[in-house]
Participant: 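After the structure tokens below, expect a handful of questions from me.
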2 protein chains.
Amino acid sequence: MALVGTGDSASDAGRSLAERLFLILRAEIVEGQVAPGSKISEPELARRFNASRGSLREALMRLESLGLLERRVNVGARVVDLSERGLLELYDMREALEGMACRLAAEQRTEDDLVELRQMLDHHEQQEELQAGKAYFQPEGDFDFHFRLVQASKNDLLIDTLCNRLYYRVRMYRYQLGMASPRARRAFREHSHIIEAIEAGDGELAELLMRRHIRASRINIENKLR
Amino acid sequence: MALVGTGDSASDAGRSLAERLFLILRAEIVEGQVAPGSKISEPELARRFNASRGSLREALMRLESLGLLERRVNVGARVVDLSERGLLELYDMREALEGMACRLAAEQRTEDDLVELRQMLDHHEQQEELQAGKAYFQPEGDFDFHFRLVQASKNDLLIDTLCNRLYYRVRMYRYQLGMASPRARRAFREHSHIIEAIEAGDGELAELLMRRHIRASRINIENKLR
DNA sequence: CGCCCCTAGATTGTCGACAATCCTATTAAA
DNA sequence: TTTAATAGGATTGTCGACAATCTAGGGGCG
């Protein structure tokens with residue numbers, strides 16, 4: 001009876017109503033359709049999706065555990081506030097975790113990992129040449145790259161932490177701050193060097209290069225904010 | 001009407017029933033009173049605590065987001081299974097994150113941080129001398145140390161990830177594998193060196209030492225498992 | 001005029017019941 | 001004997017309603 005998923009699309013199969021609400025709301029928050037810091041009204045959202053408050057609350061709690069919502073007892077839920085400090089905290093986390101992911105990827109790499117990462121890199125190079133440095137699609141491409149690379153670490157806990165817990169917040173910041181990245185050309189070269197280190201099985205170098213890559217991106221953002 | 005918290009203890013003030021259930025169950029899982037891999041029955045637990053299934057489900061979902069439970073739709077929740085692989089994954093995460101925490105702590109340190117860490121270290125030394133290497137209480141003391149050190153990083157995201165997300169699982173493994181640690185004396189010296197680096201404001205060294213410290217502990221565990 | 005208390009409205013927390021789904025044991029057929 | 005289908009029982013997902021708590025606005029007091 002719920003409005004959500006009446007299209008009965010394949011992606012809804014085996015998913016509970018609460019989970020579908022969670023996916024919808026996550027996208028809306030990440031893409032900024034719900035303003036950061038704004039209050040979430042349970043009755044209002046429940047009416048909007050034609051769902052019970054119970055199912056909605058489950059979705060809200062999942063969003064809280066992702067760090068996209070903040071809930072306080074007897075008060076309610078708010079979308080997280082974006083702050084410069086929060087963004088820099090994210091970068092420190094990414095530097096540590098993606099650095100480790102690169103080290104592990106270099107040690108645990110399979111042929112499939114290398115092939116797919118290479119393909120992705122080539123694809124980005126094509127796009128980048130076509131767009132001569134503008135690189136409108138680069139941000140999402142950048143995500144694909146980091147996402148795929150983290151998978152290659154084979155550490156499920158690390159993968160979950162980065163891909164399910166941190167990246168959605170990173171994307172939220174990108175949507176809010178605008179997606180333009182003047183580092184496209186340079187970022188591409190850095191990606192390329194990281195892959196080379198992983199191909200060579202040099203975990204220490206791969207970690208070092210990734211940490212520099214993320215720190216460079218952080219400095220780029222810091223300059224932009226002033 | 002619920003059994004939980006009828007003592008009306010101060011710690012229950014301002015906490016919802018679901019949150020108290022969460023705290024109780026978390027302790028029981030971490031300490032092994034509920035066996036790893038065992039199934040969780042919602043009706044059974046609800047009867048035991050004299051609470052509704054709704055409140056209990058909220059507690060279960062929080063446990064899931066901590067990685068202590070695994071829930072599958074229309075099937076139910078199970079306590080996570082402990083595995084050698086899972087333990088090693090935890091160590092890789094800790095190496096990356098606590099290393100970063102040390103670097104940040106060295107850069108952001110306050111006088112309070114240094115004083116408290118020193119006191120803790122002295123306290124451990126006393127205990128350790130008294131017990132001549134046996135160090136029954138060392139595991140929890142070790143936790144106090146790492147816990148306090150992470151706080152000094154001042155990175156809320158990092159603090160939350162380590163203290164609320166990873167450490168409970170680490171403690172779960174320790175309870176399950178037995179708490180004895182033959183590294184007490186050596187671990188103490190390593191802690192001491194880490195503090196010195198933080199006092200000196202040498203972030204790079206502090207990170208390096210912490211990563212070695214955790215890796216040594218990992219190797220110690222690996223040897224024990226064979 | 002400013003501050004505090006109190007009432008009214010709305011929102012959140014909690015509960016019990018119904019419907020949908022899954023697991024198990026039994027039965028029948030190959 | 002083994003396999004597959006099926007019915008029964010139990011468990012999970014979802015819902016609407018009630019009780020507890022918070023927030024906002026008005027009135028009284030210093």
Side-chain angles (χ1 to χ4, degrees), chain A residues 1-26 34-35 37-65 68-80, chain B residues 1-26 34-35 37-65 68-80:
Chain A
M1 193 56 68
L3 285 178
V4 188
T6 40
D8 217 284
S9 69
S11 60
D12 289 348
R15 295 192 133 86
S16 71
L17 171 58
E19 192 165 350
R20 284 176 309 207
L21 291 174
F22 161 71
L23 293 173
I24 294 176
L25 289 173
R26 184 178 67 182
V34 188
S38 61
K39 180 156 174 30
I40 298 283
S41 165
E42 289 183 5
E44 183 190 328
L45 275 184
R47 277 195 304 274
R48 176 182 152 202
F49 290 117
N50 217 344
S52 76
R53 266 183 59 225
S55 300
L56 186 83
R57 276 168 67 87
E58 176 166 341
L60 294 185
M61 290 193 335
R62 296 199 197 191
L63 291 170
E64 183 190 18
S65 81
L68 295 179
L69 286 185
E70 285 172 350
R71 287 183 38 179
R72 275 168 36 188
V73 214
N74 285 319
V75 173
R78 311 188 77 84
V79 180
V80 289
Chain B
M1 196 54 67
L3 284 179
V4 189
T6 40
D8 216 284
S9 69
S11 61
D12 289 348
R15 296 192 133 86
S16 71
L17 171 58
E19 191 165 349
R20 284 176 309 207
L21 292 173
F22 161 70
L23 293 173
I24 294 176
L25 289 173
R26 184 179 66 183
V34 188
S38 61
K39 181 154 173 29
I40 298 284
S41 165
E42 288 184 5
E44 182 189 328
L45 275 185
R47 276 195 304 275
R48 175 181 152 201
F49 291 116
N50 218 342
S52 76
R53 266 184 58 223
S55 300
L56 186 85
R57 276 168 68 87
E58 176 166 341
L60 294 185
M61 292 193 330
R62 295 199 197 190
L63 291 169
E64 182 189 18
S65 80
L68 296 179
L69 286 186
E70 286 172 351
R71 287 184 37 181
R72 275 167 36 188
V73 226
N74 284 320
V75 173
R78 313 187 76 85
V79 180
V80 288

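Every chain is numbered from 1, with letters handed out A, B, ... down the list of sequences. We use all heavy atoms of the structure for the numbers below, so side chains are in, but hydrogens, waters and symmetry mates are not.
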Participant: When the distance from CG of B:Leu45 to P of D:dA10 is rounded to whole Å, what number comes out?
Facilitator: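 It works out to 18 Å between those atoms.
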Participant: A:Arg15 has an atom CZ; how far is it from atom C1' of D:dT14, in whole Å?
Facilitator: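 That distance rounds to 18 Å.
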Participant: Tell me: CG of B:Leu21 to C1' of C:dG13, nearest whole Å?
Facilitator: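 From B:Leu21 CG to C:dG13 C1': 12 Å.
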Participant: Between atom CD in B:Glu44 and atom C1' in D:dA10, what is the gap in whole Å?
Facilitator: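 For the pair B:Glu44 CD and D:dA10 C1', the rounded distance is 13 Å.
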Participant: Can you check the B:Arg47 CZ to D:dA10 C1' distance for me, whole Å?
Facilitator: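 Rounded to whole Å, this separation is 11 Å.
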Participant: Counting only side-chain nitrogens and oxygens, does A:Lys39 get under 4.0 Å of the OP1 or OP2 atom of D:dT23?
Facilitator: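 For D:dT23, neither OP1 nor OP2 has a side-chain N or O of A:Lys39 closer than 4.0 Å.
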Participant: Just call it for A:Gly54: base, sugar-phosphate, or nothing, with non-hydrogen atoms closer than 4.0 Å on any strand.
Facilitator: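 The answer is nothing, as A:Gly54 stays clear of every strand by at least 4.0 Å.
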Participant: Could you give the CD-to-P distance, from B:Glu58 to D:dT14, as a whole number of Å?
Facilitator: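 Atom-to-atom, B:Glu58 to D:dT14, this comes out as 16 Å.
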Participant: Sequence neighbours excluded, which residues qualify as side chain to side chain contact (heavy atoms under 4.5 Å, CB included) partners of B:Ser52?
Facilitator: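 Expected list: B:Ser55.
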Participant: Please enumerate all residues that pass side-chain hydrogen bond (donor to acceptor under 3.5 Å, both in side chains) together with A:Glu70, with sequence neighbours excluded.
Facilitator: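 With neighbours one apart ignored, the set is empty.
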Participant: Going by the rule side chain to side chain contact (heavy atoms under 4.5 Å, CB included), which residues pair with A:Glu19 if we only count those two or more places apart in sequence or in a different chain?
Facilitator: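 Side chain to side chain contact (heavy atoms under 4.5 Å, CB included) list for A:Glu19, sorted by chain: A:Arg15, A:Ser16, A:Arg62.
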Participant: With sequence neighbours excluded, tell me which residues meet salt bridge (Lys or Arg N to Asp or Glu O under 4.0 Å) with A:Arg71.
Facilitator: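 For A:Arg71 the salt bridge (Lys or Arg N to Asp or Glu O under 4.0 Å) partners, ignoring immediate neighbours, are B:Glu58.
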Participant: Please determine if a side-chain N or O atom of A:Ser52 lies less than 4.0 Å away from the OP1 or OP2 oxygen of D:dT14.
Facilitator: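 For D:dT14, neither OP1 nor OP2 has a side-chain N or O of A:Ser52 closer than 4.0 Å.
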Participant: With a non-hydrogen cut-off below 4.0 angstrom, is B:Leu56 in contact with a base, only sugar-phosphate, or nothing?
Facilitator: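 Here B:Leu56 touches no strand at all.
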Participant: Under 4.0 Å between a side-chain N or O of A:Arg57 and OP1 or OP2 of C:dG13?
Facilitator: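 So the side-chain polar atoms of A:Arg57 do come within 4.0 Å of the phosphate oxygens OP1 or OP2 of C:dG13, strictly under.
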Participant: To the nearest 0.5 Å, how far apart are CG in B:Leu45 and CG in B:Asn50?
Facilitator: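 The CG atom of B:Leu45 sits 12.5 Å away from the CG atom of B:Asn50.
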Participant: Under 4.0 Å, heavy atoms only, any strand: does B:Ile40 hit a base, just the sugar-phosphate, or nothing?
Facilitator: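 Here B:Ile40 touches the backbone only, sparing every base.
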Participant: Looking at the base of D:dG13, is there any donor atom on it, or on the side chain of B:Arg53, that sits under 3.5 Å from an acceptor on the other one?
Facilitator: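 Such a pair is found, so the answer is yes.
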Participant: Identify, with sequence neighbours excluded, every residue that meets side chain to side chain contact (heavy atoms under 4.5 Å, CB included) alongside B:Val75.
Facilitator: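 B:Arg72.
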Participant: How would you list, by chain and number, every residue that makes a side-chain hydrogen bond (donor to acceptor under 3.5 Å, both in side chains) with B:Arg53, sequence neighbours excluded?
Facilitator: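 B:Arg53 satisfies side-chain hydrogen bond (donor to acceptor under 3.5 Å, both in side chains) with B:Glu42 once adjacent residues are dropped.
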Participant: If I take atom CD in residue A:Glu42 and atom P in nucleotide D:dT21, what distance separates them, rounded to the nearest angstrom?
Facilitator: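 That distance rounds to 17 Å.
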Participant: What pair of heavy atoms forms the shortest contact from A:Ala46 to A:Leu56, and how long is it?
Facilitator: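 Between these two residues, the closest heavy atoms are N-CD2, 3.9 Å.
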Participant: Rounded to whole Å, how long is the line connecting atom CZ of A:Phe22 with atom C1' of D:dG13?
Facilitator: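 Rounded to whole Å, this separation is 18 Å.
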Participant: Might you list the N or O atoms of the protein lying below 3.5 Å from N or O atoms in nucleotides 20-25 of chain C, with each pair's distance?
Facilitator:
{"residue": "C:dT21", "atom": "O3'", "partner": "B:Asn74", "partner atom": "ND2", "Å": "3.4"}

Participant: Give a yes/no on whether any side-chain N or O of B:Ser55 is located under 4.0 angstrom from OP1 or OP2 of C:dG13.
Facilitator: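 False: B:Ser55 side-chain N/O out of range (4.0 Å or more) of C:dG13 OP1/OP2.
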Participant: For the helix from C:dC1-D:dG30 to C:dA30-D:dT1, how many degrees between its two end axes (five pairs per end), to the nearest 10°?
Facilitator: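 That helix gives 20° between its end axes.
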Participant: Please report the shortest heavy-atom distance between A:Leu21 and A:Ala59, naming the atom on each side.
Facilitator: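 Between these two residues, the closest heavy atoms are CB-CB, 3.8 Å.
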Participant: Quick check: closest heavy atoms across B:Val79 and B:Ala35, and the distance to 0.1 Å?
Facilitator: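 Closest approach of B:Val79 to B:Ala35: CB-O, 3.7 Å.
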